[in-house]
There are 2 protein chains.
Amino acid sequence: MPSTIRDVAKKAKVGIATVSRVLNNSPAVSDETRQRVLNAIDELNYKPNLIARQLSIGKTQTIGVILPYLTLPSYVERLRGIQSVLDESNYDLILFVAEIPSKRDTFFEKLADKSRADGLIIISLPPTDEQAERFIHENQPVVLVDAYHSRLSSIIVNDIQGGRLATKHLIELGHKKIAYISDYLNTPFYPSMQYRYKGYRKALEEEKIPYYQKYHLQGDRGRFYAQQMTRQLLNLKDPPTAIFAASDTHAIGALDVAQEVGIKVPDELSVIGYDGIRDAEYVNLTTIEQNLFESGVESASMLLTMLREKPSDVYKAELSIKLVIRNTTAPPPNPDNHNL
Amino acid sequence: MPSTIRDVAKKAKVGIATVSRVLNNSPAVSDETRQRVLNAIDELNYKPNLIARQLSIGKTQTIGVILPYLTLPSYVERLRGIQSVLDESNYDLILFVAEIPSKRDTFFEKLADKSRADGLIIISLPPTDEQAERFIHENQPVVLVDAYHSRLSSIIVNDIQGGRLATKHLIELGHKKIAYISDYLNTPFYPSMQYRYKGYRKALEEEKIPYYQKYHLQGDRGRFYAQQMTRQLLNLKDPPTAIFAASDTHAIGALDVAQEVGIKVPDELSVIGYDGIRDAEYVNLTTIEQNLFESGVESASMLLTMLREKPSDVYKAELSIKLVIRNTTAPPPNPDNHNL
DNA sequence: TTTACTAATGGAACCGGTTCCATGTGCGTA
DNA sequence: TACGCACATGGAACCGGTTCCATTAGTAAA
């Protein structure tokens with residue numbers, strides 16, 4: 001029913017190759033012929049068939065994005081960044097949400113070859129060596145965000161550094177009883193939680209602050225479980241004076257509980273988050289800000305560059321982080337712990 | 001480089017048609033032949049080319065989703081619902097975010113014909129008559145969510161009813177000074193805000209509560225502007241005793257300000273939201289809950305049904321809403337306004 | 001005037017699947 | 001024994017673009 005390039009060619013009394021040239025802005029067409037073709041296109045209300053074009057040139061003009069969750073704002077922020085770049089390009093975005101680990105493997109498999117997407121952006125889902133090998137073998141360009149593999153390009157944040165920075169901030173304020181709450185550290189998703197934890201341990205060690213097992217809690221993902229962990233911490237005989245939450249979502253859960261039980265933040269309890277989601281600003285949360293939106297922008301730009309230039313090496317970029325001090329951290333309540 | 005159906009045919013010593021039959025589980029292949037083909041596929045590590053298939057059958061196996069923002073949780077929730085259904089189907093999801101109105105038109109135009117997607121789900125972006133006509137003419141299946149057009153299928157919420165319900169709840173608690181805050185009502189996005197407002201007016205009228213212009217504020221989208229509007233309301237000489245916020249995001253902004261200026265919710269000020277996003281539960285917000293995730297599920301299911309059954313009529317579904325009473329609404333402070 | 005080169009153009013092959021249609025084989029039935 | 005039919009199967013055409021290559025015309029150089 002819809003008209004094809006051959007209809008246009010017939011109407012304009014030219015060959016199909018010429019129509020194709022006009023469509024692709026080839027200079028090798030005379031102005032007069034071009035105009036005839038354009039008129040014919042107009043009259044027939046012709047729209048080129050994208051699929052046919054894709055088959056012919058062997059590209060999908062599509063970028064696949066794979067991420068673990070849509071429920072957490074940090075992923076959505078990254079996605080927004082990606083989307084904003086792709087929107088300016090000729091690439092469409094297909095979205096895959098791998099809420100359970102088996103999906104991740106399915107998606108990796110499904111997208112390994114180029115038949116669905118010309119390239120992939122993978123957020124917080126580190127591929128196995130075997131999977132990475134597959135991408136390389138199939139020549140499928142991949143950019144990892146918040147995940148790392150030596151053979152693939154990536155945009156990462158120095159989470160050890162970030163964890164250290166957050167913990168140091170609390171130590172400098174005079175805290176000694178510093179808790180760390182996070183997702184389960186051994187999940188395949190969100191490996192950065194582990195690095196943040198390493199940074200936490202490192203800072204404690206450097207500053208000769210003892211580490212207490214009881215101040216280190218892990219739980220299921222999300223604000224609700226962060227609340228539970230916080231309750232547990234605050235119920236200790238010797239509760240922490242500060243909580244380093246491995247994500248802003250965790251931190252907000254901690255703030256919920258503080259408010260609920262009437263503990264004043266930051267006077268009685270300091271809370272520092274990590275990520276820099278929008279809500280962090282709203283609740284005035286001190287946090288380690290990694291520019292999430294920017295990480296999406298960077299990853300998409302990197303991938304587009306790779307598609308354009310087909311580099312033989314992988315790209316590695318590290319995004320900067322910064323400590324943003326707001327109103328949820330302060331020196332601990334008992335003055336004998338203060339710095340001078 | 002990758003092997004094709006002809007390679008497989010050669011290896012298995014069969015015709016290409018037979019290979020195709022095996023790929024498509026046609027019963028018209030003998031077990032023995034089928035096995036030979038499967039072995040060949042295995043040996044060659046053959047993967048069918050999706051694009052070629054799409055061109056051949058004239059379908060993209062892709063659903064386009066167009067939504068205005070990724071910044072607000074309500075859209076993301078709907079998207080999640082859509083995603084969860086599509087994930088179980090053979091359809092991929094291409095995402096288009098129309099942050100500015102001109103993008104909306106571009107996307108509508110780009111996706112009007114079937115060359116990029118077999119069907120569309122459009123969230124909160126009502127098409128013009130002309131655009132709707134275009135979809136119909138191109139035979140492009142469309143499901144609108146939180147938007148309405150008589151000639152297109154849609155999943156809507158009775159927002160007038162919802163606005164009425166919220167307002168009545170406040171009135172029944174004894175409030176007479178009830179404010180309404182929302183986005184600008186005349187934006188092309190999020191037309192439901194208007195209906196909620198109508199419901200608000202209707203309830204006031206029915207209960208013979210006077211409407212005051214000063215209690216009706218509009219502003220830019222988002223929590224921040226909701227905060228501003230709330231400050232403005234609370235600074236009135238005769239401030240409202242209750243605020244009906246047109247979205248939970250607005251309501252949360254209102255709660256921020258109440259806390260900031262030390263006004264107790266719900267004792268001194270009642271706040272009711274609308275939507276039922278996750279955060280509403282966290283902050284214990286009384287709200288009109290429309291099942292956002294469910295609306296996504298429903299729209300995707302509807303679209304898949306349409307693709308399967310090619311109905312001549314449009315589908316219209318209305319999702320139910322319910323009042324969820326939590327801890328942000330209570331009778332107004334001065335007792336003389338109470339019900340008996 | 002012939003030759004050489006460039007510019008504009010058309011036809012055919014190709015991308016890798018699906019599917020229509022023709023062919024061959026084996027079996028039951030008249 | 002001949003006929004008809006169902007079942008497997010293969011070949012070719014097709015989907016609608018892109019592109020290689022050949023052809024023609026026009027112009028500058030020899």
Side-chain angles (χ1 to χ4, degrees), chain A residues 1-41 44-62 90 110 113-118 138-139, chain B residues 1-41 44-62 90 110 113-118 138-139:
Chain A
M1 194 59 186
S3 44
T4 74
I5 201 169
R6 284 160 233 266
D7 300 331
V8 175
K10 192 167 294 172
K11 180 131 207 158
K13 299 200 197 319
V14 297
I16 52 168
T18 301
V19 178
S20 179
R21 286 187 193 101
V22 171
L23 291 173
N24 293 288
N25 290 314
S26 157
V29 182
S30 73
D31 287 352
E32 189 243 326
T33 308
R34 181 183 306 275
Q35 201 49 56
R36 270 218 320 287
V37 172
L38 289 175
N39 289 342
I41 286 176
L44 293 171
N45 192 21
Y46 165 76
K47 288 284 209 86
N49 178 311
L50 219 115
I51 306 281
R53 170 155 219 278
Q54 291 173 354
L55 175 60
S56 194
I57 65 178
K59 296 193 188 322
T60 63
Q61 298 283 89
T62 297
N90 293 318
K110 174 165 156 181
D113 68 285
K114 310 185 81 101
S115 77
R116 289 200 183 223
D118 292 348
E138 298 275 359
N139 215 17
Chain B
M1 193 59 185
S3 44
T4 75
I5 202 169
R6 284 160 233 265
D7 300 331
V8 174
K10 193 168 293 172
K11 180 130 206 158
K13 301 201 198 316
V14 298
I16 52 168
T18 301
V19 178
S20 179
R21 286 186 193 101
V22 171
L23 291 174
N24 292 288
N25 291 315
S26 157
V29 183
S30 72
D31 287 352
E32 189 244 326
T33 308
R34 179 183 307 276
Q35 200 50 55
R36 268 216 324 286
V37 172
L38 289 175
N39 289 343
I41 286 176
L44 293 171
N45 193 21
Y46 165 76
K47 288 285 211 86
N49 179 312
L50 219 116
I51 306 280
R53 169 156 220 279
Q54 291 173 355
L55 175 60
S56 194
I57 65 178
K59 297 194 188 319
T60 63
Q61 298 282 91
T62 297
N90 294 318
K110 175 165 157 181
D113 67 286
K114 310 185 80 100
S115 77
R116 290 201 181 221
D118 292 347
E138 298 275 359
N139 215 17

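Per chain, numbering begins at 1; letters A, B, ... match sequence-line order.
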Provide, to the nearest angstrom, the distance between the [atom1] atom belonging to [X] and the [atom2] atom belonging to [N].
| X | N | atom1 | atom2 | result |
| --- | --- | --- | --- | --- |
| B:D7 | C:dG16 | CG | C1' | 10 Å |
| B:K59 | D:dC15 | NZ | P | 15 Å |
| A:E32 | C:dA7 | CD | P | 18 Å |
| A:I51 | C:dT18 | CD1 | P | 14 Å |
| A:L23 | D:dT18 | CG | P | 6 Å |
| A:K114 | C:dG17 | NZ | P | 17 Å |
| B:N49 | D:dC15 | CG | P | 18 Å |
| B:N24 | C:dT19 | CG | P | 7 Å |

Examine distances only and state if a side-chain atom of B:T60 and a backbone atom of B:D118 form a donor-acceptor pair shorter than 3.5 Å. yes
Determine whether any donor atom in the side chain of B:T4 lies under 3.5 Å from an acceptor atom in the base of C:dG16, or the reverse, and answer yes or no.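 Such a pair does not exist between side chain and base.
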Do the side chain of B:R6 and the base of C:dG17 come within less than 3.5 angstrom through a donor-acceptor pair of N or O atoms?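 Checked by distance alone, the answer is yes.
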Could you work out which one of [options] sits closest to the side chain of [X]?
| X | options | value |
| --- | --- | --- |
| A:A17 | C:dC20, D:dC15, D:dC20 | D:dC20 |
| A:R53 | D:dT18, D:dC15, C:dT19 | D:dT18 |
| A:L55 | D:dT9, C:dC15, D:dC15 | C:dC15 |
| B:I57 | D:dT18, C:dT18, C:dA8 | C:dT18 |
| A:V29 | D:dG16, C:dT9, C:dG17 | C:dT9 |
| A:A28 | C:dT9, D:dT18, C:dG16 | C:dT9 |
| B:I5 | C:dT19, C:dT9, C:dG17 | C:dG17 |

For A:K13, which contact category applies under a 4.0 Å heavy-atom criterion: base, sugar-phosphate, or nothing? sugar-phosphate
Ignoring backbone atoms, establish whether [X] has a side-chain N or O less than 4.0 Å from OP1 or OP2 of [N].
| X | N | answer |
| --- | --- | --- |
| A:T18 | C:dG10 | yes |
| A:S20 | D:dG17 | no |
| A:S30 | C:dT9 | yes |

Does some side-chain heavy atom of [Y] sit less than 4.5 Å from a side-chain heavy atom of [X]?
| X | Y | result |
| --- | --- | --- |
| A:V14 | A:V29 | no |
| A:D7 | A:K11 | no |
| A:V22 | A:T33 | no |

Heavy-atom count check: over 12 atoms from other residues, nucleotides or ligands less than 6.0 Å from A:K10 NZ? no
Position toward the 5' end of DNA chain C (nearest nucleotide), A:R21 or B:I16: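 Final value for this comparison: A:R21.
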Indicate whether any N or O donor in one side chain lies under 3.5 Å from an N or O acceptor in the other, for B:S115 and B:D113. yes
